[in-house]
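For reference, the structure is listed below as structure tokens.
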Amino acid sequence: MKFGSVAIIGRSNVGKSTLLNRLLKEKIAIVSDKPQTTRTRILGVAHVEGAQIVFLDTPGFHEPHHLLNRRMVRTTLDTFDDADVLYVVVEATAQPGPGDLAVIEHVKQAVAKQARPVVLVINKVDLVNKSRLLPLMEQYLRIFPWTEIVPVSAETADNVDRLLSVTVSLLAEGEATFGDDVVTDQSMRTLAAELIREKILQQTYEEVPHSVAVEIEEFIETKKLTKIGAVVLVEKESQKGILIGKHGERLKLVGTAAREDMERLFGTKVFLKVWVKVRESWREDEQTLAELGY
């Protein structure tokens, strides 16, 4: 039996959370095309033949402009110390840029303190001609001596099985820590809040997605129904209006889509009620961030 942990790191929008969901064959991390979708470390457990792998999805590296963002970047850096293997995720559609190079610089520092395997995961290969991959791999090899380089598509699952096999080969022998039925350590409350935020990210643009947080105020489970009351925080009245939409239509769409996902994930009927409140500059407020788990 092999056991170990893998940190999934990279700049924003390279597909880290999509990759985590694909590796687990379960959706435990929300995804969107907006930067900084992931705000906390998300733990997922993969049960593969002869091994148990704990994956640690992390917020994307970015230039922080708020206390929230600074905490997100710190969360990612702290995760380096907890992982036996590092995945550095980059895009097949782009040359190594400043964001990728900043991530690799942090990796160099972490490996200098504690040696461990580092796998370069080139994601989104479904979007490029395969002839572009070899030159891209050669570029990255000039930057860092990777333990392995694995091109994948998290979206289509192309080569993800090989990534898992490579990862198992890099792990040490050890006993499984989690039960066979455990996929994540996230509570249903946390998953509910994140699913609501995901639908908001899909429905809104510009500054609104970054200014939104979701707090679960009520969570009551019975055998037949789970009753959930959620408050969506924004920083301005104008954002509240955008989120609610004309005659409440946008908020209704958000609630319906989130409820349907919750019912699939939780395996029970869900009654969901969502309110929107303005809390100015919550991203800079220590107490609010603590209450939200950031």
Side-chain angles (χ1 to χ4, degrees), residues 5-8 15-34 36-47 52-60 68 71-72 75-76 79 154 177-204 209-210 212-233 243 251-277 282 288-294:
S5 57
V6 178
I8 305 174
K16 298 183 297 299
S17 296
T18 304
L19 178 62
L20 174 68
N21 293 337
R22 181 64 70 182
L23 288 162
L24 301 180
K25 298 179 182 177
E26 292 278 359
K27 181 177 179 178
I28 69 161
I30 65 170
V31 295
S32 82
D33 59 358
K34 310 296 191 300
Q36 296 118 53
T37 296
T38 300
R39 289 176 171 172
T40 60
R41 186 176 78 172
I42 300 173
L43 183 148
V45 184
H47 306 272
Q52 186 178 89
I53 310 170
V54 177
F55 289 105
L56 305 169
D57 185 22
T58 62
L68 168 64
R71 290 192 173 185
M72 288 162 60
T75 294
T76 299
T79 303
T177 298
F178 295 92
D180 292 342
D181 59 341
V182 176
V183 179
T184 183
D185 65 346
Q186 294 183 98
S187 69
M188 289 173 67
R189 291 176 72 104
T190 299
L191 289 166
E194 284 292 89
L195 286 171
I196 295 167
R197 190 165 67 88
E198 178 185 63
K199 305 314 173 190
I200 294 170
L201 291 173
Q202 293 169 355
Q203 288 283 333
T204 57
H210 302 293
V212 164
V214 179
E215 189 172 20
I216 303 298
E217 288 199 337
E218 182 181 47
F219 197 100
I220 301 171
E221 291 182 80
T222 66
K223 288 184 178 179
K224 294 183 178 179
L225 182 72
T226 299
K227 187 177 179 181
I228 301 171
V231 173
V232 178
L233 299 180
L243 183 51
L251 191 61
K252 184 178 178 181
L253 285 172
V254 166
T256 299
R259 177 184 54 77
E260 290 172 351
D261 269 12
M262 289 176 202
E263 290 181 340
R264 279 193 293 270
L265 188 62
F266 301 160
T268 182
K269 296 294 289 183
V270 172
F271 175 79
L272 175 64
K273 196 164 185 179
V274 183
W275 298 267
V276 182
K277 291 183 180 179
W282 69 261
T288 300
L289 293 177
E291 290 171 356
L292 292 168
Y294 299 143

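Remember, it's a predicted structure, so these values are computed and weren't measured experimentally.
You'll find the side chain of Ile42 reaches within 4.5 Å of the side chain of Leu20, heavy atoms only. With a 4.5 Å cut-off on side-chain heavy atoms, Thr58 and Thr75 do not count as touching. Put simply, the side chain of Phe55 reaches to within 4.5 Å of the side chain of Ile8, judged on heavy atoms. Using a 4.5 Å cut-off on side-chain heavy atoms (C-beta onward), Leu233 and Thr288 make contact. The shortest side-chain heavy-atom distance between Ile196 and Leu272 falls under the 4.5 Å cut-off. Inter-residue side-chain proximity for Arg22 and Lys27 is flagged as unmet; no heavy-atom pair is nearer than 4.5 Å. Counting heavy atoms from C-beta on, the side chains of Phe178 and Leu43 come closer than 4.5 Å.
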* Before giving the answer on salt bridge (charged side-chain N to carboxylate O under 4.0 Å, His left out), spell out for Glu217 and Arg189 the whole-Å C-alpha distance, their side-chain angles and the decisive distance to 0.1 Å. => CA-CA 9 Å; Glu217 288 199 337; Arg189 291 176 72 104; over 6 Å; no
* Run the numbers on Ile30 and Arg197 for side-chain contact (heavy atoms from CB on, under 4.5 Å), then give the verdict. => CA-CA 8 Å; Ile30 65 170; Arg197 190 165 67 88; 3.6 Å; yes
* Asked: Can you list the steps and then say if Val232 with Val212 is a side-chain contact (heavy atoms from CB on, under 4.5 Å)?
  -> CA-CA 7 Å; Val232 178; Val212 164; 3.8 Å; yes
* Would you check, one step at a time, whether the test side-chain contact (heavy atoms from CB on, under 4.5 Å) holds for Leu289 with Leu68? => CA-CA 7 Å; Leu289 293 177; Leu68 168 64; 4.0 Å; yes
* **Val6 vs Ile53, side-chain contact (heavy atoms from CB on, under 4.5 Å): CA-CA, chis, key distance, verdict** => CA-CA 7 Å; Val6 178; Ile53 310 170; 3.7 Å; yes
* **Worked check of side chain to side chain donor-acceptor pair (under 3.5 Å) between Thr37 and Ser32** => CA-CA 7 Å; Thr37 296; Ser32 82; 2.7 Å; yes
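For the atom pair NZ (Lys273) and CZ (Arg259), the distance works out to 15.0 Å, reported to the nearest 0.5 Å. We find the OH-CZ distance between Tyr294 and Arg71 to be 12.0 Å, quoted to the nearest 0.5 Å. Here the straight-line distance linking atom CD1 of Ile228 with atom CE of Met262 works out to 4.5 Å at 0.5 Å rounding. Rounding to the nearest 0.5 Å gives a distance of 13.5 Å between CG of Leu56 and NZ of Lys16. To the nearest 0.5 Å, atoms CZ (Phe219) and OG (Ser187) are separated by 7.5 Å. In this structure, Thr184 OG1 and Leu191 CG are separated by 6.0 Å, a value rounded to the nearest 0.5 Å.
Leu195 and Leu265 get closest at one heavy-atom pair: CD1-CD2, 4.2 Å. Considering every non-hydrogen atom in both His210 and Arg39, the closest pair reads O-NH2, 3.3 Å. Closest heavy-atom contact between Gln202 and Val31: NE2-O, 3.9 Å. Considering all non-hydrogen atoms of both residues, Gln203 and Val254 come closest at CG-CG2, 3.9 Å. When every heavy atom of Gly229 is checked against every heavy atom of Trp275, the shortest pair comes out as CA-CZ3, 3.9 Å. Closest approach of Glu215 and Leu292 over heavy atoms only: CB-CD2, 4.0 Å.
Remark: the backbone N or O of Ala29 is not paired with any side-chain donor or acceptor of Asp57 at under 3.5 angstrom. Between the side chain of His47 and the backbone N or O of Val182, at least one donor-acceptor pair lies under 3.5 Å. Under a 3.5 Å cut-off, the side chain of Thr190 and the backbone N or O of Gln186 do not form any donor-acceptor pair.
Electrostatic pairing of Lys199 and Glu260 does not count as a salt bridge here, judged by no charged N lying under 4.0 Å from a carboxylate O.
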